[in-house]
2 protein chains.
Amino acid sequence: MTQPTREKILDAVFTLVYIKGYNGTSMSMILEACNIPKGSLYHCFASKKAMVLAVLKERIAPRMDQFYDLEHHCNDHEIDTLIAAVLKVADKQELLQYGCPLNRLNQEMSPVDTDFSHEINIIYEKLKYKIIHLLSNSNLQKDVNIDSLSEYIIATVWGALSLSPQQSSKARYLQTVSHLISYLNTIKSDIDHSV
Amino acid sequence: MTQPTREKILDAVFTLVYIKGYNGTSMSMILEACNIPKGSLYHCFASKKAMVLAVLKERIAPRMDQFYDLEHHCNDHEIDTLIAAVLKVADKQELLQYGCPLNRLNQEMSPVDTDFSHEINIIYEKLKYKIIHLLSNSNLQKDVNIDSLSEYIIATVWGALSLSPQQSSKARYLQTVSHLISYLNTIKSDIDHSV
DNA sequence: TAATAATTAGACCGGTTGGTCTAATTATTA
DNA sequence: TAATAATTAGACCAACCGGTCTAATTATTA
């Protein structure tokens, strides 16, 4: 059985908007990519905006979950779980090339449309609190601010992925985040009970 | 004497493209913001693209210089000069709200237009080597990779500025980069000859 | 099989896009 | 002041934008 129309549209729109941006993607481009008539598209979605908001909820949000949903092995320090997640990003070619899809849409749409900024914020907060949750169960040095550390990790990965894509490569990403990893190792409690 | 037409256009285009993006900014918006007729605009610039490339060279590039052109006081460690530059970013409201203009244009245009990615890369490299130059004159721990450290600093600041603008504030930025600053202090050579 | 609902098909719409072009006006130089 | 160049002014253009609408077709249910 072939993919339902709605799902096919969401996939195509995700890819187009990811690479070309919201304003850089036209309905005709979407129609061509999906190879469906206009009637079918507007039967599924009321407008272009509704369509991309659905992409946020049904394509981008799950991706954000996926990348920070590492299971914790009980012999590791929680920080090592986080480091593994950061390193895993390097295996996704499209992330290295185009950056984080949430961050991209955030930068383009948040300043000009509150419906977008609201939806993006929900996804961002969920990601942030997942990291906070992991950190709060871990042995860290006393004076570490877990909330800002969580944001710092996200900011660093987003930033590392957005450096001039002309030179984007796995090696460069890993070199850049090696400093984050050094810092995270610094932050572990000296008395590590988990080993 | 009033501002020359060309400069007036570049200022208006910078602001519009900074906030709305390239594809979110139309010629009619620019015309209205400048309050000049179309003939004058196309007399100065051959096309919208040429106009925004000029904005990159004549508005964005100087801004990037400005923000990392801190003079080094000889009683400081070079790392402290860098930290001061990172902190100074917090005083520019528009940076906190909309992020780095170079990074924004980079994310929107680099994947779809090599003329943009080329120009952006030149500005990025200049910034990077300015930081490398500062770092190479400083007393750091032996095993520090200066090249990737330079990119890490840029990535972190860019990332910290791009976190969900719904909540952007000076306090949040400072909290986020406090981790970068901790890390940078870590990296100073234990034997600091500059004090 | 008949009736009904869901989907497909694409012509069509007013508005806007980036861009051109000619004519009038202003500034500069001879 | 006359001649020439630079600039201003905005009507106009084809192409494209996001979106609507009616009719035909296909799936589903009775």
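Below, chain A is the first sequence line, B the second, and so on; all start at residue 1.
Across the protein-nucleic acid pair, B/L31 atom CG and D/dA9 atom C1' stand 11 Å apart, rounded to whole Å. Between the NZ atom of A/K38 and the C1' atom of C/dC12 there is a distance of 10 Å, rounded to whole Å. Regarding B/L41, its CG atom lies at a distance of 17 Å from the P atom of C/dC21, rounded to whole Å. In this structure, CZ of A/F45 is placed 13 Å from P of C/dT7, rounded to the nearest angstrom. For the pair B/M29 CE and C/dG18 C1', the computed distance is 14 Å after rounding to whole Å. Residue B/K20 contributes atom NZ, which lies 12 Å from atom P of C/dT17 at whole-angstrom precision. Distance CE (B/M27) to C1' (D/dA15): 16 Å, rounded to an integer number of Å. Nucleotide D/dG10 holds its C1' atom 13 Å from the CD1 atom of B/I36, rounded to whole Å.
When Watson-Crick and G-U wobble pairs are counted only if both distances are under 3.5 Å, C/dT26 pairs with D/dA5. Look at D/dG10: its Watson-Crick or wobble partner, with both distances under 3.5 angstrom, is C/dC21. In this structure, D/dA15 and C/dT16 make a Watson-Crick or G-U wobble pair, each of the two defining distances being under 3.5 angstrom.
Between B/S40 and D/dA6 there is no side-chain N or O to OP1 or OP2 distance below 4.0 Å. Proximity of A/S28 to the phosphate of D/dC16: no side-chain N or O atom is located under 4.0 Å from OP1 or OP2. Between C/dG18 and B/S47, no contact under 4.0 Å exists linking OP1 or OP2 to a side-chain N or O.
Atoms OH and CG, on A/Y124 and A/N103 in that order, are 10.0 Å from each other to the nearest 0.5 Å. The CG atom of B/D11 sits 4.0 Å away from atom CZ of B/R59, with the distance rounded to the nearest 0.5 Å.
Taking every side-chain heavy atom of B/Y42 into account, C/dG19 is the closest of C/dG10, C/dG19, D/dT8. Closest to the A/H43 side chain, of the nucleotides D/dT20, C/dG18, C/dT8, is C/dT8. When the nucleotides D/dG18, C/dG19, D/dT8 are ranked by their closest atom to the side chain of B/K48, C/dG19 comes out on top.
In this structure the side chain of B/L102 reaches within 4.5 angstrom of the side chain of B/L56, judged on heavy atoms.
For the residue pair B/I60 and B/L105, the shortest heavy atom distance occurs at CD1-CD2, 4.1 Å.
Residue-environment remark: CG (B/N35) stays at or below the threshold of 12 foreign heavy atoms within 6.0 Å.
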